[in-house]
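Before any comments, here is the structure.
Scope of the values below: all heavy atoms of this structure, side chains included, with no hydrogens, waters or symmetry mates.
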Amino acid sequence: MAWCSKDLFPTKMSFVYFISYMGLFINQGILVTASKSKNNTYSYNTVTVVLLTECVKLVAAILIYLKEKPASSFFTEFTSNKETLLYYFVPAGLYCLYNNLQFENLANYDPTTYYLLLQFRVVVTGVVFQIIFQKQLSRIQWVSLLFLTFGCVVKEYGRAAGSSPDTTAEVKTSSFLDVHLLLILVQVFCSCFAGVYNEYLLKGRGLDIHIMMQNVFMYMDSILCNGLILAYKGQLTDAFTVSSLSSIFQVNVIFIILNNAAIGIVVSLFLRSLNSILKTFASALELMFTAVLCWIIFGIAVDIYTVIAIFIVSAATFLYAHNPVVNVPKSEVVHQKENGASDTKTVQSV
């Protein structure tokens, strides 16, 4: 029996997007952790870094578009679909909050724990996915999602209990419900709703719009949202002083910006080709590689709770791989029906 269903990766490029997504996110966690100082702070303005990242994404999206189409088409498509720019304020605002919380949470958690806790988004994504796409997940799919969540609980229990076996019985509820876990939950919500809503725009309302034009809309809104955050914090002018910019123009910070920009492009291709549910599993698989790499690079120990959690997450991923969610763009559904595909009843339009 094959290790996964043929519906998991419908094309070779979809598998490439899957691997690229995992690799870039693993790299991002390691890069951000490496940029921390010894007292878990950053020597640069993290909001400015996020804002510059969105600017790089915008330039990249425009260049990719112009590589395929002339400049006249760019302006024509932009003006004829400018109302879509407003719809992208929802995922752009949520991604903006998510990206800024990433620095805050990675300052308080090691990358492996951080990515494990983010897996709480799995079940939330399943619920939001069903609501937005009106598509019911099967029992096996829900079991695999719950397995992923259980793996997160195991890891968080181990973090709260500490490395000493003597403290395990003394773990208190307050050790779980701290402000940093609350920020993780906020980040979880942002990731879930923004991801599913972005998929809805890519496959539904904005299906006839070039994917890079949709990215242009997203990044323009993101730049505005990050600018508003800087203004709210009173850092709008200070963020672009010579001293502030010089602190950003370090090799490791530039790599963070470029890597995160690549993530933005790959996420849109991922969601257009695959779906939000598989995106959560890709995030879960990052854990195995992140744990090993952080042990090698930073000397962060891989404790028994992490091993058990990774095992549970891996089992859940294997279970899901045999019964994946299929959520193709509605144009593909119409194409299948026109060609008399017998399996169209299993595919629901967006």
[X]: which residues meet the side chain to side chain donor-acceptor pair (under 3.5 Å) condition with it, sequence neighbours left out?
X: Y219; value: none
X: T41; value: S37, N39
X: N215; value: S268
X: D221; value: none

Using side chain to side chain contact (heavy atoms under 4.5 Å, CB included) as the criterion, list what pairs up with [X], not counting sequence neighbours.
X: T241; answer: S243, S244
X: T11; answer: M13, S14, S273
X: F147; answer: V143, I312, A316
X: Q250; answer: S43, S247, N252, V253

(request) Would you check, one step at a time, whether the test side-chain contact (heavy atoms from CB on, under 4.5 Å) holds for Y42 with V32? (result) CA-CA 9 Å; Y42 302 99; V32 172; 3.5 Å; yes
Within the distance-only criterion (no hydrogens, no angle test), does the side chain of [X] pair as donor or acceptor with the backbone N or O of [Y] below 3.5 angstrom?
X: N260; Y: I256; value: no
X: Q130; Y: L137; value: yes
X: K36; Y: T33; value: no
X: Y21; Y: F270; value: no

Side chain proximity check, [X] to [Y], heavy atoms < 4.5 angstrom:
X: F255; Y: N27; answer: no
X: I184; Y: Y109; answer: yes
X: D110; Y: F298; answer: no
X: V216; Y: H210; answer: no
X: N226; Y: N99; answer: no
X: Y65; Y: I211; answer: no

(message) Could you go through I265 and M212, starting from their C-alpha distance and side-chain angles, then the distance that decides it, and tell me whether this counts as side-chain contact (heavy atoms from CB on, under 4.5 Å)?
(response) CA-CA 8 Å; I265 300 296; M212 288 303 145; 4.0 Å; yes
(request) Show your working on side-chain contact (heavy atoms from CB on, under 4.5 Å) between I64 and E68 and close with a plain yes or no. (result) CA-CA 7 Å; I64 294 173; E68 299 180 13; 4.2 Å; yes
(message) Rounded at 0.5 Å granularity, tell me how far CG in N100 sits from CD1 in I229.
(response)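 N100 atom CG to I229 atom CD1 measures 4.5 Å (nearest 0.5 Å).
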(message) Quick check for you: to the nearest 0.5 Å, what is the distance between F15 atom CZ and S20 atom OG?
(response)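 Nearest 0.5 Å value for the CZ-OG distance: 9.5 Å.
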(message) Are L278 and W142 connected into the same hydrophobic cluster when the rule is that any two of I, L, V, M, F, W, Y join if their side-chain heavy atoms are below 4.5 Å apart?
(response)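 W142 and L278: one cluster.
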(request) Examine F89 and L202 and state if one hydrophobic cluster contains both, with Ile, Leu, Val, Met, Phe, Trp and Tyr joined whenever side-chain heavy atoms are less than 4.5 Å apart. (result)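 In one cluster with F89: L202, no.
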(message) For D208 and N81, which I'm curious about, is there any donor-acceptor pair between the side chains at under 3.5 Å?
(response)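 D208 vs N81: no donor-acceptor pair found between side chains.
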(message) Ring-plane angle category for F103 and Y44, please: parallel below 30°, perpendicular beyond 60°, tilted otherwise.
(response)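 Rings of F103 and Y44: perpendicular, over 60°.
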Donor-acceptor list for residues 186-193 side chains, cut-off 3.5 Å, not counting sequence neighbours:
residue: Q187; atom: OE1; partner: N105; partner atom: ND2; Å: 2.6
residue: Q187; atom: NE2; partner: Y98; partner atom: O; Å: 3.3
residue: Q187; atom: NE2; partner: Y114; partner atom: OH; Å: 2.6
residue: S191; atom: OG; partner: R121; partner atom: NH1; Å: 3.2

(request) Tell me, with the steps shown, if F74 and K69 meet side-chain contact (heavy atoms from CB on, under 4.5 Å). (result) CA-CA 7 Å; F74 178 88; K69 293 187 176 184; over 6 Å; no
(request) Tell me who clusters with L63, hydrophobic residues only, linked when side chains sit under 4.5 Å apart either directly or through other members. (result)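 Members alongside L63: V59.
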(request) Would you please name every residue forming a ring-ring contact (aromatic ring centres under 6.0 Å, His included) with Y17, sequence neighbours left out? (result)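 Result, ring-ring contact (aromatic ring centres under 6.0 Å, His included) vs Y17: none returned.
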Could you list the donor-acceptor pairs under 3.5 angstrom formed between side-chain atoms of residues 46-55 and any protein atom two or more places apart in sequence or on another chain?
residue: T48; atom: OG1; partner: N45; partner atom: OD1; Å: 3.4
residue: T53; atom: OG1; partner: V49; partner atom: O; Å: 2.7
residue: E54; atom: OE2; partner: K57; partner atom: NZ; Å: 3.2

(message) Counting only heavy atoms from other residues, nucleotides and ligands, does the tally under 6.0 Å from CG of L66 exceed 12?
(response)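 Result for CG/L66: enclosed.
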(request) Take atom OH of Y87 as the centre, draw a 6.0 Å sphere, and report whether it contains more than 12 heavy atoms from other residues, nucleotides or ligands. (result)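 Result for OH/Y87: open.
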